[in-house]
Amino acid sequence: MIKITFPDGAVREYPYGSTALDVAKSISEGLARKVLAANINGQVWDATRPIPTDATLKLLTWDDTEGKSTFWHSSAHLMAEAIESMYPGVKFWVGPATENPPGFYYDMDLGGHQISDEDLRKLETKMAELAKQQSAYQRKDISKAEAVGYFTQKGDEYKLDLLGNLQDGEITFYTQGQFTDLCRGPHIPHTGFIKAVKLTNIAGAYWKGDEKNKQLTRIYGITFPAKKDLEEYEALQEEARKRDHRKLGKELGIFTFDDQVGPGLPLWMPNGGIVIEELEKLAKESEDKAGYKRVVTPHIAKESLYLTSGHLPYYQDSMYPPMELEGVKYYLKAMNCPHHHKIFDAEPKSYKDLPYRLAEYGTCYRYEQSGELFGLMRVRCLHMNDAHIYCTKEQFYEEFKAVNEMYLKYFKIFGVEKYVMRLSLHDPAKLGKKYVDEPELWKETEALVRDVLIRTNTPFKEVADEAAFYGPKIDVQIWSTIGREFTLATNQVDFAQGRRFKLTFTNKDNQAETPLIIHRAPLGTHERFIGFLLEHYAGKFPVWLAPLQVKILPISDKSMEYAQTLLDSLKNADIRAEVDDRSEKIGKKIRDTELAKVPYMLVIGEKEMQEGKVAVRRQGKGDLGVKSIDEFILDVRKEIKERTPNP
RNA sequence: GCCGUUGUAGCUCAGGGGUAGAGCACUUCCUUGGUAAGGAAGAGGUCGAGAGUUCAAUUCUCUUCAACGGCUCCA
């Protein structure tokens with residue numbers, strides 16, 4: 001007998017050789033029908049595989065993340081079976097479940113075959129057929145020699161490559177129906193669980209993610225245990241499309257692109273201009289309070305500046321090519337730091353001047369690869385909420401902490417609840433290549449940053465080989481409401497550029513010392529941040545950010561004059577307002593204003609005119625009742641001043 | 001940069017080898033209506049750009065530009 005401990009602490013005994021499915025059946029048949037896999041002593045395990053020892057056991061269903069990923073991984077095998085049956089000779093690489101986007105993919109070498117979107121529909125049908133056969137996913141231990149023999153005979157160099165990294169004794173095959181794959185598992189009991197299939201797209205993917213390698217075909221898909229789940233998923237996708245910042249940005253007159261201006265070069269329209277101004281106002285206020293000094297620097301500089309900074313050798317490919325004037329090369333700036341360093345260096349500094357904080361909403365140009373451009377999220381002209389803090393090692397803790405606090409303050413204002421701070425470290429193997437060759441300084445600086453995160457109880461995760469060339473950084477990841485992940489900003493420590501620019505300050509001992517530099521950009525760039533905000537708010541900006549804050553809707557021409565006096569009052573109170581003076585009925589005016597996502601509507605007719613009041617309507621909330629215009633102005637001004645989030 | 005898809009009016013989209021269509025938006029007129037679409041008329045397109053095939057190309061072929069879905073990259 002083996003002892004099974006359940007999540008609630010209960011312990012039961014089962015005969016040796018029992019499976020998770022047997023355990024489920026002993027509880028209820030209904031449960032057994034839902035079990036996809038099991039977590040056994042922390043390891044995900046086939047539901048149909050005997051439990052080897054006493055164990056803690058959690059049955060996994062569709063409601064568990066691990067259940068879903070097992071389901072999707074098995075779906076990838078099902079898709080491979082369908083593909084192999086329709087396109088014999090296709091060679092498969094790997095087919096994992098994915099979290100974002102949810103579902104799975106399988107990479108394959110199609111040989112001479114070509115697969116189109118219509119073929120995906122045929123494949124879906126084939127998968128549905130195969131699923132109906134309820135083929136079991138059968139696990140088999142196999143010797144390395146036997147496995148190598150199998151794939152050699154199949155002529156599959158990809159699986160042979162995978163086998164190369166595996167030891168004899170840890171190799172397993174899984175077979176369902178006619179399809180056998182090298183796989184460590186686990187899998188769901190049989191294909192019959194898969195009730196709804198959607199193959200979402202075909203894409204190219206470099207083998208092993210290396211662009212020097214051959215490009216394989218990747219097919220993405222998603223599957224569900226019930227048809228209605230697929231319908232829900234598709235409805236969600238439709239919602240996400242409506243919230244896409246590219247669609248909203250166009251509808252709301254925030255930004256546009258023009259072929260003749262160029263790819264990745266957004267044109268900010270009047271409404272976008274207002275959002276930008278409001279964000280800059282916010283940045284200026286908080287930076288003023290935090291002791292930053294504002295500067296303005298040119299958009300171009302001589303080549304020698306970027307040779308000194310060290311950027312050029314690392315990033316030349318993603319800078320616009322230089323223009324040559326009077327025999328000298330000039331580059332459009334892709335970053336603001338070198339300009340700021342020169343401002344630091346323009347006047348001698350004493351330790352009494354530190355921390356010295358320079359801020360600029362700097363315009364930068366980066367020649368991003370054409371395939372990388374994506375709405376406002378990846379562009380070639382960007383406006384960075386940039387600042388550089390020059391400080392001593394002793395000041396570092398307080399400075400870095402203050403920067404993190406600024407992030408958190410902004411998150412609160414914008415209602416960002418889910419975020420992760422990622423500590424990006426260097427890879428010692430790449431010193432001198434990807435990273436400045438200063439092993440000791442790397443260790444020291446990384447420890448400094450980690451120390452701040454730990455001492456301030458900031459949750460973070462560490463990732464290797466993601467640092468900037470001049471120092472470790474913190475990447476702040478956030479998610480828009482439609483699940484899109486953003487690297488909002490990077491927050492970096494730089495021990496290299498100070499030396500390269502020979503920046504110094506005179507310390508207490510009258511010695512020249514090099515400052516540490518913190519690069520920070522809590523609001524990232526206007527482009528990415530406004531893109532995020534559009535999706536985050538679904539285009540419904542809070543009042544302080546809304547391009548148009550109040551729309552006055554006269555019921556008829558009779559109240560038009562009153563509307564004009566209201567407009568004057570609102571404008572005098574610095575509230576962005578307009579009058580809808582079209583000869584439309586009030587229902588139409590309300591509808592159009594609702595769709596334009598204007599936060600406040602003032603409906604006025606003869607009644608309001610006589611009483612000297614306004615009938616207030618809130619976007620998405622409906623009629624809020626009648627107020628005096630003074631009272632309304634007071635309320636709205638308060639909302640703007642406090643940057644109140646949407647109700 | 002690579003693989004794939006798409007490109008018709010301001011927007012959403014239909015069409016298809018023989019001089020281009022709808023709805024919404026826009027303009028004008030009628031209507032002055034109390035909380036999510038009043039009515040009529042009108043204007044609007046080098047069918048992304050260039051070349052080729054053809055008597056004839058928006059439609060077929062090639063090239064190119066751009067956008068989109070991925071891969072690679074991201075100071």
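Each chain gets a letter, A, B and so on, in the order its sequence line appears, and its residues count up from 1.
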Side chain of [X], heavy atoms from C-beta onward: which of [options] has the nearest atom to it?
| X | options | value |
| --- | --- | --- |
| Q215(A) | rC74(B), rC68(B), rC2(B) | rC2(B) |
| S370(A) | rU35(B), rG1(B), rC11(B) | rG1(B) |
| Y206(A) | rA36(B), rG1(B), rA75(B) | rG1(B) |
| K607(A) | rA75(B), rG34(B), rC11(B) | rG34(B) |
| P263(A) | rA67(B), rU35(B), rG69(B) | rA67(B) |
| M319(A) | rA75(B), rC74(B), rA36(B) | rA75(B) |
| K585(A) | rG38(B), rA75(B), rA36(B) | rG38(B) |

*Would a distance-only check, ignoring hydrogens and angles, find a side-chain to backbone donor-acceptor pair under 3.5 Å from R366(A) to K333(A)?*
no
For the pair made of [atom1] in [X] and [atom2] in [N], what is the distance, rounded to whole Å?
| X | N | atom1 | atom2 | value |
| --- | --- | --- | --- | --- |
| Q369(A) | rA67(B) | CD | C1' | 17 Å |
| Y365(A) | rA75(B) | OH | P | 20 Å |
| D475(A) | rA75(B) | CG | C1' | 11 Å |
| H388(A) | rA75(B) | NE2 | P | 13 Å |
| K434(A) | rA75(B) | NZ | P | 8 Å |
| R528(A) | rC74(B) | CZ | C1' | 8 Å |
| K430(A) | rA75(B) | NZ | P | 13 Å |
| E251(A) | rC24(B) | CD | C1' | 12 Å |

*Could you tell me if the ring centre of H526(A) sits under 6.0 Å from that of Y361(A)?*
yes
*When the ring centroid of Y390(A) is compared with that of H340(A), is the distance short of 6.0 Å?*
no
So which nucleotide does [N] pair with, by the Watson-Crick or G-U wobble rule with both distances under 3.5 Å?
| N | value |
| --- | --- |
| rG33(B) | none |
| rG17(B) | none |
| rU58(B) | none |
| rU53(B) | none |
| rA67(B) | rU5(B) |
| rU28(B) | rA40(B) |
| rU12(B) | rA22(B) |

Taking the inter-plane angle between the rings of [X] and [Y] on a 0 to 90° scale, is it parallel (under 30°), tilted (30 to 60°) or perpendicular (over 60°)?
| X | Y | value |
| --- | --- | --- |
| H426(A) | W442(A) | parallel |
| Y306(A) | H311(A) | perpendicular |
| F469(A) | Y315(A) | tilted |
| F257(A) | F255(A) | perpendicular |

Distance between [atom1] atoms of [N] and [M] (Å, rounded):
| N | M | atom1 | answer |
| --- | --- | --- | --- |
| rA9(B) | rA20(B) | P | 14 Å |
| rG15(B) | rC71(B) | P | 32 Å |
| rU12(B) | rC30(B) | P | 34 Å |
| rG17(B) | rC74(B) | P | 48 Å |
| rA14(B) | rG7(B) | P | 9 Å |
| rG44(B) | rC24(B) | C1' | 14 Å |
| rU31(B) | rA22(B) | P | 28 Å |
| rG10(B) | rU5(B) | C1' | 25 Å |

*Given that Y470(A) and A615(A) both sit by RNA chain B, which one's nearest nucleotide is further toward the 5' end?*
A615(A)
_Quick check: on RNA chain B, is the nucleotide nearest N201(A) upstream (toward 5') of the one nearest V603(A), or the reverse? Name the residue that is more 5'._
V603(A)
*May I ask you to establish whether R617(A) and Y600(A) are in a cation-pi arrangement, using a distance under 6.0 Å from NZ or CZ to the six-membered ring centre and at most 45° from the ring axis?*
no
_Applying a 4.0 Å non-hydrogen cut-off, can you work out what G310(A) is touching in the nucleic acid: base, sugar-phosphate, or nothing?_
nothing
*Describe the nucleic acid contact of S318(A) in one word from base, sugar-phosphate, nothing, applying a heavy-atom distance below 4.0 Å.*
base
*asked:* For a quick check, with a 4.0 angstrom heavy-atom cut-off, what is the B/S/- contact string for nucleotides 25-32 of chain B, read 5' to 3'?
replied: S----BBB
Does a nitrogen or oxygen in the side chain of [X] sit under 4.0 Å from OP1 or OP2 of [N]?
| X | N | value |
| --- | --- | --- |
| R241(A) | rG69(B) | no |
| Y220(A) | rC71(B) | yes |
| R246(A) | rC68(B) | yes |

*Do the charged groups of R520(A) and D386(A) touch, with an N to O distance under 4.0 Å?*
no
_Quiz item: E608(A) side-chain donor-acceptor pair to rG34(B) base, under 3.5 Å_ = yes
*Is any side-chain heavy atom of W268(A) less than 4.5 Å from a side-chain heavy atom of L376(A)?*
yes
